[in-house]
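Beneath this line is the structure, given in C-alpha cells, with notes to follow.
Chain naming here is simple, since letters A, B, ... match the order of the sequence lines and numbering starts at 1 in each. Reckoned from all heavy atoms, side chains included, excluding hydrogens, waters and symmetry mates.
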Protein chains: 2
Amino acid sequence: MTEKQISILESALELFSSKGFDAVPTSLIAKQAGVSEGLIFRHFKNKQGLLNAIVQMGKEKIAFKIQLITEIVDPQKRIQAIMEIPFSLETDQYPLWRLIYSLKWQQEYSDDEFSRPIKEVLVNSLNELKYFDADAEADLIMSYMDGFASTILLKGEVVNKDKLLHALRKKY
Amino acid sequence: MTEKQISILESALELFSSKGFDAVPTSLIAKQAGVSEGLIFRHFKNKQGLLNAIVQMGKEKIAFKIQLITEIVDPQKRIQAIMEIPFSLETDQYPLWRLIYSLKWQQEYSDDEFSRPIKEVLVNSLNELKYFDADAEADLIMSYMDGFASTILLKGEVVNKDKLLHALRKKY
DNA sequence: TATATTCGTAAGCAATTACTCACTCTTTAG
DNA sequence: CTAAAGAGTGAGTAATTGCTTACGAATATA
C-alpha cells in the first residue's frame, strides 16, 4: 500500500462519510488527496472499488473485535462486551462508522455483513444462557446498539456516554 | 396541489428513500411520475426544493403526532406515547421516514427539527416526574427510539415488533 | 546495464447532470 | 367573451460526471 493510495483512501473516507458516496466526485477526492484523478482508477478500478476498499477495512476491524470477544468464556460477559462496542469506538474511527451506517439506508450499497457476525455471537451466547427466544432477544439487543451507535456517531462527544453505558449495564 | 405535483412528490419520495437524494436524477423522477422534466422545476424551483417539499410533509406529520401527545395529561403515559411512535408508523409511510433517517447522515441536509420537538416533550414530562437529569434521560430514550425506528424501517415487517414493544414497555 | 513492471500524470471523451427557454394548452377572472 | 395567469412540454445547454488512454518517470528484476 503506497503513501498515495493511503492518502486517497483517507480523503475518500472523509468525504464519503460527511457528504455521502454519490455526492462526492472523484475529482474532489483526487484534489483533496493531492494526486491526479487517474490514479484513483489505477489503484481501485472505479469509484465503487474505492468504496469497497474502505468498507473492507471496516469489515476487518469488526472481525478483529469480534474475534477477541469470542474468546471470552462467560456468555454473560460476552454479551456485555458486544453491547459495549459502540462505546469503545475511538473518535478517529467515527468517519468510517458513520459511512457504514449511512450506507445501510441506501438500497444499492446496503450490506448486512457487519451486523451478521455480531448477531451470531449474540444468538450463541443467549442460547448458552438458555434464553427462550434467543433470535428475537438478539434482535432486541441489536436495536439498542444501533440506537446508541447512531447517537454517539452523530452527536460526537456532546452526548453523555457514561449515562448511556450505565443504563445499558443496568439492564443486562 | 395538482395531480401531477402529487405524482412528482410520490415518485421522488420513493426514489430518494430507496437510492438516496444524490443518486437520483431529476430525469428519472419525471419519467416515473409520467411528466416532463421541466415541470419539476416549474413547481419546485430546483431539485433541493423538491426535497424540501417532501421533508416539509414529514415535519407536519411529526408536528401533528406531537400535538396529540402533548394533550395527554399523565406525564408517564405521555412518555410512553412518545416512545411508541416508531411502532405506530404505518407501512405506507416507511419511505418518508426512511428518507428522513438517511438524511441525518448527510452533513448538508441534516436537520434536527424532527428530533427537537420530541425531545422537548420528553424533557418536560421527565421534569414533571422530578427526574434528576431529565435532559440526559431524554437523550437515552431518544437513543432507544432511534434504534427501534431504524430496525423497523430497515427490516420492515420481518422484525418482531411485539417483542420490541414489550421490552420497551417493561422498562418504562 | 538492460528491460520489464509498476506508479503517476495530463488531456480528453462520451454520457449524464441540473436546469432554462420558447412555446402551447388549459384554467381562471372580470 | 376575452385576456391574463398558470400548467405543461420538448428541445436544448453549459457544466460536471466517471473513466480511458497515451505517455513519461520511477522502480524492480535479470
Task: Nucleotide nearest Phe41(A) (side chain, heavy atoms from C-beta), chosen from dC19(D), dA18(C), dT9(C) - done: dC19(D)

Below 3.5 Å, can you tabulate the donor-acceptor pairs from side chains in residues 56-72 of chain A to any protein atom, sequence neighbours excluded?
unit_1: Gln56(A); atom_1: NE2; unit_2: Glu60(A); atom_2: OE2; d: 3.3
unit_1: Lys59(A); atom_1: NZ; unit_2: Asp111(A); atom_2: OD2; d: 2.9
unit_1: Gln67(A); atom_1: NE2; unit_2: Glu71(A); atom_2: OE2; d: 3.1
unit_1: Thr70(A); atom_1: OG1; unit_2: Ile66(A); atom_2: O; d: 2.5

Open item on the list: Please determine whether residues Trp97(B) and Tyr94(B) belong to a single hydrophobic cluster, defined as Ile, Leu, Val, Met, Phe, Trp and Tyr linked transitively by side-chain heavy-atom distances below 4.5 Å.
Closed with: yes

Open item on the list: What is the distance, to the nearest angstrom, from the CE atom on Met1(A) to the P atom on dC7(C)?
Closed with: 12 Å

Open item on the list: Classify the ring geometry of Phe148(B) against Phe87(B): parallel below 30°, tilted from 30° to 60°, perpendicular beyond 60°.
Closed with: tilted

TODO: Under 4.0 Å from any atom of DNA chain D, heavy atoms only: list the residues of residues 33-40 of chain A that qualify, in numerical order.
DONE: Glu37(A)

Would you be so kind as to tabulate the donor-acceptor pairs closer than 3.5 Å made by side chains of residues 4-11 of chain A, with sequence neighbours excluded?
unit_1: Gln5(A); atom_1: NE2; unit_2: His43(A); atom_2: ND1; d: 3.4
unit_1: Ser7(A); atom_1: OG; unit_2: Ala33(A); atom_2: O; d: 3.0
unit_1: Ser11(A); atom_1: OG; unit_2: Ser7(A); atom_2: O; d: 3.0
unit_1: Ser11(A); atom_1: OG; unit_2: Ala33(A); atom_2: N; d: 3.4

Task: Backbone of Gly49(A) reached by a side-chain donor or acceptor of Asn46(A) within 3.5 Å - done: yes

Open item on the list: Is it the case that the side chains of Glu120(A) and Asn124(A) hold a donor-acceptor pair, with the cut-off being a distance below 3.5 Å and no angle test?
Closed with: no

Open item on the list: Given dA7(D), dG18(D), dC7(C), identify the nucleotide with an atom nearest to the side chain of His43(A).
Closed with: dC7(C)

Task: Selection: residues 44-58 of chain A, any non-hydrogen atom under 4.0 Å of DNA chain D - done: Asn46(A), Lys47(A)

Open item on the list: Assess whether a salt bridge exists between Asp146(B) and Lys104(B), defined as any Lys/Arg side-chain N lying under 4.0 Å from an Asp/Glu carboxylate O.
Closed with: yes

- [ ] Considering just the side-chain nitrogens and oxygens of Thr2(B), establish if one lies under 4.0 Å of OP1 or OP2 belonging to dG8(D).
- [x] yes

TODO: Report yes if the side chains of Phe114(A) and Val55(A) come closer than 4.5 Å at any heavy-atom pair, otherwise no.
DONE: yes

TODO: Run the salt-bridge test on Asp139(A) and Lys119(A) with the 4.0 Å N-O cut-off and return the result as yes or no.
DONE: yes

- [ ] Using atom CZ of Arg42(B) as one end and atom P of dT26(C) as the other, report the distance to the nearest whole Å.
- [x] 16 Å

Task: Partners passing side chain to side chain contact (heavy atoms under 4.5 Å, CB included) against Thr26(A) (at least two apart in sequence or in another chain) - done: Glu37(A), Ile40(A), Phe41(A), Lys47(A)

TODO: Enumerate the residues from residues 8-31 of chain A whose closest heavy atom to DNA chain D is under 4.0 Å, giving them by residue number; use none for an empty result.
DONE: Val24(A), Pro25(A), Thr26(A), Ser27(A)

Task: Atom pair CG (Leu99(A)) and CZ (Phe21(A)), whose distance is rounded to the nearest 0.5 Å - done: 9.5 Å

